[in-house]
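Scroll down for the structure; my scribbles are underneath it.
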Amino acid sequence: MHMSPLQKYFFSRVWWYLGTLLVAICLNFILPRLGPSNPVDTIMAHIKTPGLDPKIAHKMEERLRIRFNIDKPLHVQLGMYVYHTIKGFVTLDMDEAFGDSYMHNKPVWAYIGPALPWTLGLQIPTLVIGYILGNILGALAAYKRGIFDKLFYPMSLFFTSVPYFCVAIFLVYIFGISLEWFPAMNAYGESLSPSWSITYVSDVLYHYTLPFMAMFLVYVGGQAIGMRSMSIYELGTDYVKYAKMLGSSEGQIVRYVFRNAMLPQLTGLALALGMMVGGALLIEIVFSYPGVGSLFYTSIKENDYPVLQAGALIVTICVLIANFIVDILIGILDPRIRVAQEGENA
Amino acid sequence: MARRIISSLALAGVAVMLGVGCGGNKSGDKVSEFPRSQTLYVGGFQWGPPTTFNPFSSQPAWPMTSNVNLLYENLFGYNQLTGELEPLLGKEYEVDDSSLTVHLFESAKWQDGAPVTAQDVKYTLDFSQRYAASPFAGSWKFLDSANGVIAVDSHTVIFKFSKKYYNRLALKDIIWTTPIVPQHIFQKIEDSIKATVNTKGMDAEEANGAVFDKFCLWTNEVNPIGSGPYKLEMANYQKIALKRFDAYWGNAALYGGRKPAPLYIVHTILKSNDKYNLALKQGDHDLSQDFCPQIWNSFPKGVGTWFKDRPYFIPGTMVCLVPNVTKAPMSDVNFRRAMACAINYDQITNLAIYGYAPKLQPGLILPFGPEKQYYNEEDAKQYGLSYDPAKAREILKSAGYTWGPDSLLIGPKGKKFETMYFTCPSGWSDWETAIKIAVDGLRNVGIDVREKFVEEGVWDDQLSKCMFDLSLRQPIDYQTPALPWSRFDCVMSSSDYAPPGQEMYENWGRYKNAKADSLLSILPKLSDDKQITEAYRVLNQLFMKELPMIPLLYRPWLFYQFSTRHWTNFPTESNPTAPPQCLMVGAGIKGLWEIKSTGK
């Protein structure tokens, strides 16, 4: 079967990503179990009070171990975990894929499901708007220079060097606590319950401001700095000089520069995604935002393996998907990759 | 073009969030908005998503916690100011040599209209006997196993004392910490669960264990029926909301026909102390039960506590250093006494809990509140030890200890000790601070000890198996009428002794003393006040001489702090309408009938 270079590129990427996913699933399983404690100990810590007969406690502990399957050898547990995860995803049965929470006796999906939209709602708009705006601003700074660049560059540098959660804490302190302009935590007011009312929707947007800004500022800064230096580099290249000599319009030249400077930026995005998602989870904790990050935090404290695994897996999958999209985009946008694939073909 | 893409993408993102945010809540949600002036926001009782509303499971969600009387009620409510048990479902009780009799209110009703009867009480207690793993099973140590709870008539219950462990104090504990459940509902659930569990080939105990495990999975989240003044309105992973039950039987019987002030009580679930503290400071929460550093800084914002000034809270528990007395050098009483002199207790109280407790006095009896009557100041002076590093060295020296060239301690037989570790769960910031200060003091006299903060599960496991050097723990972490006996019992009793490696859930350091054991078994049988006082005196003297544990600081039982932005007239020292028990714990619930909305 003859495949076009792009198809070939696409399939080679798919295999890479599936392989990565499998490794991630295994790591997901192993990492939480490397800690010194286990969920049964955590549960029993709250049950073992004066007055309880140690013999009864032992029996309880035994039954818990059996229920959570941690009485079985590690490789058997791993096999069961991988089997259920894959089966669940193939049959689209999330309860099967993620299992039951140890601490809450309920399917993990019942917790992750409602939390996921908050996380996505926080991350996707920040990512997209931050990326586009950051690049435009960076290109502008490179092109205009002058006072705009002199102000913009150090500010971007500042925001991008500070960790997300520091910016978040800073914003909470200034705008949430000192000035009380914006709510310092939660996704909506305590007096509300989710509904489609205007009050609720506007309250959600109001609460959205600070967490959004915390991620946005850092992210825009990072992108702008990258784009600025890429653009400065491109502005000095021969093709720009040539275009200038030909008398191309300023707009035309900026478009050329922008397109060429974009490619490395796209690769940079793929690399930065993992870190960004991790940072965003911390932001949720700072703002008590009801997303996956907050759930994650609780489950780490409780040693609740299934929730930990599910949270990590979802984050992994999201990052892999985003990376994959970027990879494919690069394949489409960068003629060199097509040529390389063609070369291999020949 | 770019702008259009940006705005549509942003809109899509927010829409995803809103859409699923709205649809993702549980079907239990009924109210879309809680009117602020009629809602009491509380915090600090629930730290993660609600697990289950089944009061018999090991860690039920608020308000099903055992001594919170909002939905299920106890027979009586403990008042930490007076030490008395006040009427709730039980009108009065009397104790004689063989039993404790409780008379129930005849007007007491479940929220579905059925009367609360002696049978319900019997069912509740018997349930704990049937299922040894249930959280209240410990009660049966003190009840006659053959016929411990008798429903004499529909409103009289007799609790028969166990002959082996005759203990009138422990029984008082039971009647204010066991939530009474409706038999007509729980029996059906229990039977239906029994029918689904395959117990073939199991003995009776195993079978009961399997049934109980399954019973714990019953979440009881759909319209739980209790007897209390509030009903469960909704619960999701961000909040638990209760709505006032206007037909509450107690309004007439206990409060002269008045209703509790808040229409709704909402517990928002936040992740950490500072979140709860911020919510209280900003007036989003009205009441909070959590540790708030420098609470006085929040006073200008309308935050209040029981006392206007230091110590702000009423002390109720003791945090103790637990030495493993099966190991050298902790097995040497002189070494323990030297440790007690090496620790700067004032600094611990001031730094670890910001002075939220009075100065520590020697002994295991709290020198205030209901326990004060048993505290003897002369004994404390004579036998007690306080911070005095010079004395610590002196004690060690006269017991034959020496110091090496590295100024670390060498044992009487010339043996150097390995580095000891002083452990507590990581993240328990006040405990961590206390340990750091204690370690400084101990190192100062040459004791080679280091702090080690571990996961809670690990710490607990090490404690129960006695696999530690020094640890930190609160023996009995709540106030109860059985104190101070129960604290002494927890610290000194070897009646359930198990060697290190096997588990014990009290006396973690494995202290053994025949005199202490006999005093501890005699004390709860006494009814003569003079004899009781004398027995406590001897016991406390013994404690101060032997130091099986070393109290480091007093700590409030409940951190009761409130905001007056939306509600006023909270119980305080100058307005003692209820004890500082957070308007819900034990007799503290009375406060709900006293607070007033500011209308804001």
Side-chain angles (χ1 to χ4, degrees), chain A residues 35-38 41-54 56-60 63 67 103-105 111 113-114 117-118 120-122 124-125 128-129 132-133 136 177 180 184-185 187 190-197 199-201 204-205 208 285 288 290 294 297-298 302-303, chain B residues 2 5-6 9-10 13-14 16-22 24-25 29 31-34 36 39 41 48-49 51-52 58-59 132-133 135 137-138 141 209 213 216-217 219 234 236-239 266 268 270-271 275 278-279 282 284 454-458 460-461 464 490 498 502-506:
Chain A
S37 186
N38 68 58
D41 284 351
T42 312
I43 294 177
M44 292 307 292
H46 296 271
I47 295 177
K48 289 175 186 169
T49 44
L52 179 66
D53 181 350
I56 303 290
H58 260 293
K59 292 246 164 77
M60 277 176 94
R63 288 199 302 270
R67 203 170 103 210
M103 302 296 151
H104 308 299
N105 304 332
Y111 292 101
W118 294 107
L120 294 179
L122 192 58
I124 295 174
V128 173
I129 302 176
I132 296 176
L133 213 64
I136 292 176
I177 296 174
E180 294 199 20
M185 58 184 169
E190 315 231 321
S191 62
L192 301 173
S193 277
S195 69
W196 275 113
S197 66
T199 340
Y200 176 71
V201 173
V204 166
L205 291 176
Y208 189 63
I285 295 166
S288 275
S294 296
Y297 178 69
T298 323
E302 292 178 331
N303 266 316
Chain B
I5 295 174
I6 296 173
L9 276 171
V14 175
V16 167
M17 183 172 74
L18 283 172
V20 195
C22 293
N25 57 313
D29 295 8
V31 179
S32 70
E33 207 170 327
F34 301 99
R36 188 64 183 92
T39 308
Y41 284 95
T51 45
T52 160
S58 60
Q59 272 183 287
K141 181 175 171 183
D213 283 352
C216 287
L217 299 182
T219 57
M234 56 93 67
N236 62 25
Y237 68 118
Q238 291 168 64
K239 63 165 80 96
V266 177
T268 323
L270 302 175
K271 293 280 173 252
K275 301 278 167 21
L278 181 62
Q282 297 195 329
D284 293 333
V454 297
E455 275 183 66
E456 191 186 349
V458 175
D460 188 79
D461 195 51
S464 53
C490 188
Q502 290 176 32
E503 302 205 338
M504 236 176 115
Y505 309 134
E506 53 196 1

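So you know, we letter chains A, B, ... as the sequences are listed, proteins then strands, and number each from 1.
If you measure heavy-atom distances from M103(A) to chain B, the contacts under 4.5 Å come from the backbone alone. Both the backbone and the side chain of A279(B) come within contact range of chain A, judged by heavy atoms closer than 4.5 Å. There is no contact between P135(B) and chain A, counting heavy-atom distances below 4.5 Å. Contact annotation for E302(A): neither backbone nor side-chain heavy atoms come within less than 4.5 Å of a heavy atom of chain B. Contact of T268(B) with chain A is made through the side chain alone, with heavy-atom distances under 4.5 Å. With a threshold of 4.5 angstrom between heavy atoms, N303(A) approaches chain B through side-chain atoms but not through N, CA, C or O.
When all heavy atoms of D460(B) and A45(A) are compared, the closest pair comes out as OD2-CA, 3.3 Å. For L278(B) against A184(A), the heavy-atom pair with the smallest separation is CD2-CB, 3.7 Å. Minimum interatomic distance between I285(A) and K275(B) (heavy atoms only, all atoms of both residues): O-NZ, 2.8 Å. When all heavy atoms are compared, the tightest approach of G48(B) to T298(A) is CA-CG2, 4.3 Å. Taking every heavy atom of both residues into account, P54(A) and E503(B) meet most closely at CG-O, 3.5 Å.
For the set M185(A), H58(A), E180(A), the count of heavy-atom pairs under 4.5 angstrom toward chain B peaks at M185(A).
Taken to the nearest 0.5 Å, the CG atom of D41(A) stands 10.5 Å off from the CD atom of E456(B). For the atom pair M44(A) CE and D461(B) CG, the distance stands at 10.0 Å (nearest 0.5 Å).
Between L217(B) and R67(A) the shortest side-chain heavy-atom distance falls below 4.5 Å. By the 4.5 Å heavy-atom criterion applied to side chains, I177(A) and Q282(B) are counted as neighbours.
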